[in-house]
Number of protein chains: 2
Amino acid sequence: MQISSRFTIAIHILTAIDTFQNEYKVTSDFLANSINVNPVVIRRTMQALKSAELIEVKRGTGGMVISKPMNEITLLDIFQAVEPLENGQLFHFHENPNTACPVGRNIHAGLDDKLFSIQNAMEVQMKNITLQDVVKDTQAAIAKEN
Amino acid sequence: MQISSRFTIAIHILTAIDTFQNEYKVTSDFLANSINVNPVVIRRTMQALKSAELIEVKRGTGGMVISKPMNEITLLDIFQAVEPLENGQLFHFHENPNTACPVGRNIHAGLDDKLFSIQNAMEVQMKNITLQDVVKDTQAAIAKEN
DNA sequence: TATGTTGTAATTTCAATAGTTACAGTGAGA
DNA sequence: TCTCACTGTAACTATTGAAATTACAACATA
């Protein structure tokens with residue numbers, strides 16, 4: 001089961017804000033057009049990013065700005081802002097292993113730390129990459145077009 | 001969005017096969033009882049593990065055995081056997097970024113390699129852990145009960 | 001051949017994502 | 001102060017995928 005597109009949508013939103021902030025007013029409709037999803041999906045993602053204090057949204061007049069330097073926003077910050085993981089756990093563990101069975105009783109003892117170490121490896125790499133990195137490479141690709 | 005329980009169910013199956021192979025005939029019903037899911041879910045997972053040549057299943061008479069030494073089966077082998085990722089990609093990228101928008105056209109150029117490096121970090125750690133590790137710790141926890 | 005099991009199709013249930021419609025609330029500018 | 005574009009959010013629908021469930025043919029051994 002793939003991780004939902006909320007993560008890539010959020011990154012796209014932030015990249016577009018930075019790229020177009022001086023040329024256009026970046027609204028949910030503007031972003032919905034670039035990303036090609038429904039404006040309400042954008043607004044919901046905007047709210048998640050706002051709750052995580054990654055962006056500030058201007059009510060009434062519209063538009064939004066990124067709250068802090070892009071090299072201080074990691075992909076992990078973005079992931080955690082928009083991707084709801086139950087109990088923060090990447091892997092869904094089957095819920096009711098049978099405690100009448102020795103393996104059922106003890107599988108968590110044997111497996112939980114391994115699952116955590118895997119999730120941790122993913123998160124460490126997410127933390128190594130900042131929004132700045134994505135924006136820089138995307139804008140370089142745009143520049144190269146011309 | 002969490003990764004489905006197929007992964008932990010598959011690990012549970014393999015751990016139970018090793019733990020009980022000398023005491024019981026390990027059938028889909030037996031496993032369904034320990035894992036507490038429907039027997040058909042077990043059989044479907046068995047088929048995925050069989051296709052990946054991680055287990056051999058005995059038709060008719062019932063039961064199954066692990067195909068190779070447990071220290072040669074990594075969690076990545078198990079993950080890839082049972083977890084269907086579209087195009088092998090962990091992250092679902094929003095499908096139709098607007099090519100009329102510079103960011104829409106170039107977001108893949110800026111982001112794909114980062115997403116891959118994150119997935120890769122996860123997979124490297126999965127490859128570092130073998131079924132043997134899980135079985136050893138689970139059986140140690142069982143032994144400790146007594 | 002009887003028995004217990006696997007393999008698998010078909011259907012249902014459930015949960016989550018995403019799309020859609022609708023509209024009240026907001027704030028800046030005419 | 002009124003208008004207007006936009007945000008914030010509720011409500012509902014559509015779609016998808018996981019998992020449960022029922023059912024039964026295929027199979028292998030005793």
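Each chain gets a letter, A, B and so on, in the order the sequences are listed, and its residues count up from 1. The basis for the numbers below is simple: all heavy atoms, side chains too, and nothing from hydrogens, waters or symmetry mates.
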- Message: Ignoring hydrogens and geometry beyond distance, is a side-chain donor-acceptor pair present between B:S28 and B:R43 at under 3.5 Å?
- Response: yes
- Can you figure out which of C:dT5, D:dT7, C:dT17 approaches the side chain of A:E83 most closely? C:dT17
- Nucleotide nearest B:M46 when distance is taken to its side chain, options D:dG17, C:dG7, D:dA19: C:dG7
- Message: Tell me the interatomic distance from B:K25, atom NZ, to C:dG4, atom P, rounded to whole angstroms.
- Response: 9 Å
- Message: Nearest whole Å is fine: how far is D:dT15 P from B:M1 CE?
- Response: 17 Å
- Earlier contact from the 5' end, DNA chain C, for A:N36 and A:T61: A:N36
- Message: Please determine whether a side-chain nitrogen or oxygen atom of B:N38 lies at a distance below 4.0 Å from atom OP1 or OP2 of D:dT21.
- Response: yes
Which atom pairs, one a donor and one an acceptor, fall under 3.5 Å between side chains of residues 78-90 of chain A and the rest of the protein, sequence neighbours left out?
residue : atom : partner : partner atom : Å
A:E83   : OE1  : A:S4    : OG           : 3.1
A:E83   : OE2  : B:M1    : N            : 2.1

- Query: So, is B:K50 near the phosphate of C:dT6, with a side-chain N or O under 4.0 Å from OP1 or OP2?
  - Reply: no
- Expressed in angstrom and rounded to an integer, what is the separation of A:E56 atom CD from D:dT7 atom C1'? 15 Å
- In whole Å, what is the span from the NE2 atom of B:H94 to the C1' atom of D:dT15? 20 Å
- Query: How close or far is atom P of D:dT16 from atom NE2 of B:H92, stated in whole angstroms?
  - Reply: 11 Å
- Query: Under 4.0 Å between a side-chain N or O of A:R59 and OP1 or OP2 of C:dG25?
  - Reply: no
- Message: For D:dT7 and A:Q47 - does any side-chain N or O of the residue sit under 4.0 Å from the phosphate oxygens OP1/OP2?
- Response: no
- Query: Reckon A:R44 touches a base, only the sugar-phosphate, or nothing at all at heavy-atom distances under 4.0 Å?
  - Reply: base
- Item | Donor-acceptor pair between B:H92 and A:T8 side chains, under 3.5 angstrom | no
- Quick one: the side chain of A:R43 and the base of D:dT9, do they pair up donor-acceptor inside 3.5 Å? yes
- What orientation do A:F30 and A:F20 show, parallel under 30°, tilted 30 to 60°, or perpendicular over 60°? perpendicular
- Candidates C:dT17, D:dT7, C:dG7 - which lies nearest the side chain of A:P84: C:dT17
- Query: At under 4.0 Å between heavy atoms, what does A:G60 touch on the DNA or RNA strands: base, sugar-phosphate, or nothing?
  - Reply: base
- Toward the 5' end of DNA chain D, by each residue's nearest nucleotide, A:S28 or B:V40: A:S28
- Nearest-Å distance, NZ (A:K58) to C1' (D:dC6)? 13 Å
- Task: Establish, from distance only, whether the side-chain atoms of B:S117 and A:Q125 form a donor-acceptor pair under 3.5 Å.
- Result: yes
- Query: Any idea which heavy atoms bring A:G62 and A:K25 closest together, and the distance?
  - Reply: O-CD, 3.8 Å
- Think A:S5 has a side-chain N or O under 4.0 angstrom from the OP1 or OP2 of C:dA18? yes
- Task: Using a 4.0 Å heavy-atom cut-off across all strands, classify A:V37 as base, sugar-phosphate, or nothing.
- Result: sugar-phosphate
- In whole angstrom, what separates A:E95's CD from D:dA20's C1'? 14 Å
- Message: Whole angstroms only, please: what is the CD-P distance between B:E86 and D:dT16?
- Response: 11 Å
